[in-house]
Amino acid sequence: MKVTQEKLPASRLGLEIEIPSESTSQAYEKTLQQLIRNANIPGFRKGKVPRQIVLQRYGTRSIKATAIEDLIEDSLRQVLEQEKIDALGNAELRSSLDELVEQYEPGQPLTVSLSIDVAPTAKLVNYKGLTAQAEEILYKPERVDEVLESYRERSATRVPVEGRPAKEHDIAVIDFSGQITGDEPKEIPGGSATDFEVELSEGRFIPGFVEGIIGMSVGETKEIEATFPEDYSQAELAGQPAVFTVTLKDLKEKELPELDDDFAQDISEFETLAELRESLEKRFQDEANDKTKANKQEALLEALVANLEVELPETLIRREVDHMITQTAMRFAEQGMDIKQMFTPEMVNMMRERSRPEAIARLRRTMALGEVAKQESITVDAAEVEAKVEEVLEDLEGRSVDRDRLREVIEENLIRDKIFEFLEANSTVELVPEGTLVKEEPVEMEPTQDDAADTATLSSTPSSMEDAVEVGAEPEPALAEEPASSEAAVEVVAEVDAPATPAEKTSKSTRSKSAKSAAESPESAESEAIAEVEAPEEAAAKPAARKRSTPKSKKDEA
């Protein structure tokens, strides 16, 4: 079969295929015979309808159109195999089907012009001698004392207060009701409570509220003036003056436990305070080192991608976008949310549009790393992968694990590590103090049950080792993990962004780290919430899965 190829923009390939006369004749006869066998025409038994009657009933033009569709599908499949073309997605007619029907004569050659997305060719202008800057995250010894003090605060015993008024850091139990005191005084919706427990610390509630309680005695009732912040979450209350009638019903103070071995045993698995301190020190040191390493890798990746030349085909971008949406839907499903209700067609379309830039960025990173691995023949051996799998399985004992997926992710992770080892050895990364490289972080939002339409931008979570662990399985508690706060505040009184405690600011450690993909390529996944979503390839460097079907013409799509 004669084929002429033409390279088109955006990693598309033009194909001009000359279908031989024998094929055009066979396709026409095959289509006609199928109609004769299946036609239901009054007065004739099925399969016994004369040829001329079928031609009159269906029309030569309709029969030709059907035959051409079969011809194109069969010819395209043969051409892709013959020319060894790594195609993505479906082909598209470059001329209209009507024109082909007019030209088609059974027994005569027919020339068909198509275009199809093909796997992109990535080129790295340079991947050695890169220069970049990255922030160095230093270990802060004071964090250990802050966390231990936080534990003491949370483990404190509450002792009744007698013979003195309320002071800062006491625990007060109050009844209160509030109203706006502007030109039109009115009750504050939700602005009252009974037996409400509040810690008398500045900054935890709207200005003036806590300060007004300090100095009160148990049994005393007092009117406290306060003003809602200008940026308060409820617009109708923002900046408004208010007065709260407060009755102090009970008062307690915190009695902190001694910072000793008994305390360490109560809050952790360690026998001594020294062991607990050592564990926290190592944890925060490792955390600082890991963040510095991640910063260096991100800086190198940015420098690497800047040297990448590639034209991304629309098919690949669309698959990556749809995969990101599917992963988001799966995360919400795992949380028990009704994704069919949340992910409406309008919502999915909006998410596709907003997530497109991130999808393109992910694909470019994938291809840049994959190109380094290809140029430098970076691989890992099976024994190394299997050893790491066994190590991780030991840490995940008791949890349901997809071993094949775990092995795949670990292999990608090991390759990725080797790629960055190569880049670091052949590049220069200048470490600068934390906070030096200030970048505006993109707002990453996901749809919510209450207002999905307003929160449609996707996060770009890469494949991780967690993908291999059964959904819903409870992870093992982290070593010396900070206890969660049990304190709750009435919405109308609590500040929107109350300062976090030192323990709440400390990121939690995990027993096994996320295994990021070697080229940040996500795995294939499906969700009922999204119809006809095609999962992206495991990596751009790998041959794309081929999907064959009758191509559409531009006129048909219009």
Test side-chain hydrogen bond (donor to acceptor under 3.5 Å, both in side chains) on Glu99 and Gln103 and set out the steps. CA-CA 6 Å; Glu99 293 175 355; Gln103 298 168 11; 5.1 Å; no

Taking Glu314 first and then Arg356, would you say they form a salt bridge - that is, a charged N and a carboxylate O separated by under 4.0 Å? yes

Does the side chain of Pro120 come within less than 4.5 Å of Leu316's, by heavy atoms? yes

Step-by-step salt bridge (charged side-chain N to carboxylate O under 4.0 Å, His left out) determination, Glu105 to Lys64: CA-CA 9 Å; Glu105 290 295 335; Lys64 284 184 176 182; 3.7 Å; yes

Please determine which of Glu421, Glu424, Glu430, Glu302 meets the salt bridge (Lys or Arg N to Asp or Glu O under 4.0 Å) test together with Lys296. Glu424

Salt-bridge criterion met for Glu102 and Arg61 (N-O under 4.0 Å): yes

How about Gln5 and Ile85: do any of their side-chain heavy atoms sit closer than 4.5 Å? yes

Hey, is the main chain of Gln34 close enough, under 3.5 Å, to the side chain of Asn38 for a donor-acceptor pair? yes

Is it true that Lys293 and Asp290 make a salt bridge, defined as a side-chain N closer than 4.0 Å to a carboxylate O? no

One thing to verify: whether Glu386 and Arg407 come together as a salt bridge, which I'm taking to mean a side-chain N less than 4.0 angstrom from a carboxylate O. yes

Salt-bridged, Glu412 to Lys388, with N to O below 4.0 Å? no

Taking the side chain as everything from C-beta on, heavy atoms only, tell me whether Arg94 gets closer than 4.5 Å to Leu8. yes

Under the salt bridge (charged side-chain N to carboxylate O under 4.0 Å, His left out) criterion, do Glu358 and Arg365 qualify, and how do the steps go? CA-CA 11 Å; Glu358 176 60 23; Arg365 293 194 295 266; 3.3 Å; yes

Checking the side chain of Asp117 only, and the main-chain atoms of Thr315 only, is there a donor and an acceptor separated by less than 3.5 Å? yes

Closest non-hydrogen contact found for Thr60 with Tyr28 is CG2-OH, 3.9 Å

At what distance, to the nearest 0.5 angstrom, does CE of Met347 lie from CE of Met342? 7.5 Å

Rounded to the nearest 0.5 Å, how far apart are CD1 of Ile116 and OG of Ser11? 11.0 Å

Check: Thr111 side chain, Glu18 main-chain N or O, donor-acceptor pair, under 3.5 Å: no

How far does OG1 of Thr121 sit from CE of Met367, to the nearest 0.5 angstrom? 9.5 Å

I'd like to check Leu437 versus Asn295 (side-chain heavy atoms, cut-off strictly below 4.5 Å). Are they in contact? no

Quick one: does any side-chain atom of Lys418 pair with a main-chain N or O of Thr379 as donor and acceptor, under 3.5 Å? yes

Do the side chain of Glu135 and the main chain of Thr436 share a donor and acceptor less than 3.5 angstrom apart? yes

Work out which heavy atom in Ser75 is nearest to a heavy atom in Ile17; give both atom names and the distance. CB-CG2, 4.4 Å

Would you confirm whether Ser25, through its side chain, and Ser21, through its main-chain N or O, come within 3.5 Å as a donor-acceptor pair? no

Taking the side chain from Thr24 and the backbone from Gly107, do they hold a donor-acceptor pair closer than 3.5 Å? yes

Which atom pair, heavy atoms only, marks the closest approach of Ala122 to Leu308? CB-CD1, 3.9 Å

What is the minimum heavy-atom distance between Ala91 and Leu76, and which atoms define it? CB-CD2, 3.6 Å

Of the non-hydrogen atoms in Ile339 and Ala329, which two are nearest, and what is the gap between them? CG2-O, 3.4 Å

Less than 4.5 Å apart, any side-chain heavy atom of Leu114 and any of Val79? no

Determine whether more than 12 heavy atoms belonging to other residues, nucleotides or ligands lie under 6.0 Å from atom CD of Gln56. yes

With a 4.0 Å cut-off on N to O distance, would you call Asp322 and Arg319 a salt bridge? no

Pairwise distance CD(Gln375) to OH(Tyr127) - rounded to 0.5 angstrom: 5.0 Å

Taking C-beta and beyond as the side chain, do Ile72 and Ile68 meet within less than 4.5 Å on heavy atoms? yes

Does a sphere of radius 6.0 Å around CD in Glu390 hold more than 12 heavy atoms from other residues, nucleotides or ligands, not counting ones at 6.0 Å or beyond? yes

Do you know which two heavy atoms are closest between Ile410 and Val392, and how far apart they sit? CD1-CG2, 3.9 Å

Considering only NZ, NE, NH1 and NH2 on the basic side and carboxylate oxygens on the acidic side, decide whether Arg331 and Glu334 come within less than 4.0 Å. no

Glu81 with Arg77: basic N within carboxylate O range, under 4.0 Å: no

If we ignore hydrogens and angles and just use 3.5 Å, is the side chain of Glu376 paired with the main-chain N or O of Phe422 as donor and acceptor? no

How far apart are the C-alpha atoms of Lys291 and Glu434, what are their side-chain angles, what is the distance that settles it, and do they pass the side chain to side chain contact (heavy atoms under 4.5 Å, CB included) test? CA-CA 11 Å; Lys291 286 182 178 179; Glu434 183 178 358; over 6 Å; no

To the nearest 0.5 Å, atom CD of Glu411 lies from atom CG of Leu406 at 11.5 Å

Going through the checks in order, is the side chain to side chain contact (heavy atoms under 4.5 Å, CB included) test met by Glu371 and Leu304? CA-CA 10 Å; Glu371 191 64 16; Leu304 183 67; over 6 Å; no

Would you check, one step at a time, whether the test side chain to side chain contact (heavy atoms under 4.5 Å, CB included) holds for Met324 with Arg352? CA-CA 9 Å; Met324 291 167 67; Arg352 282 195 175 106; over 6 Å; no

Side-chain heavy-atom pair Leu71, Tyr104 within 4.5 angstrom cut-off: yes

Roughly how far, to the nearest 0.5 Å, is CZ of Arg364 from CG of Leu369? 12.0 Å

Beyond-backbone contact of Pro20 with Pro109, side-chain heavy atoms, under 4.5 angstrom: no

Got a donor-acceptor contact below 3.5 angstrom from the Thr292 side chain to the Ile137 backbone? yes

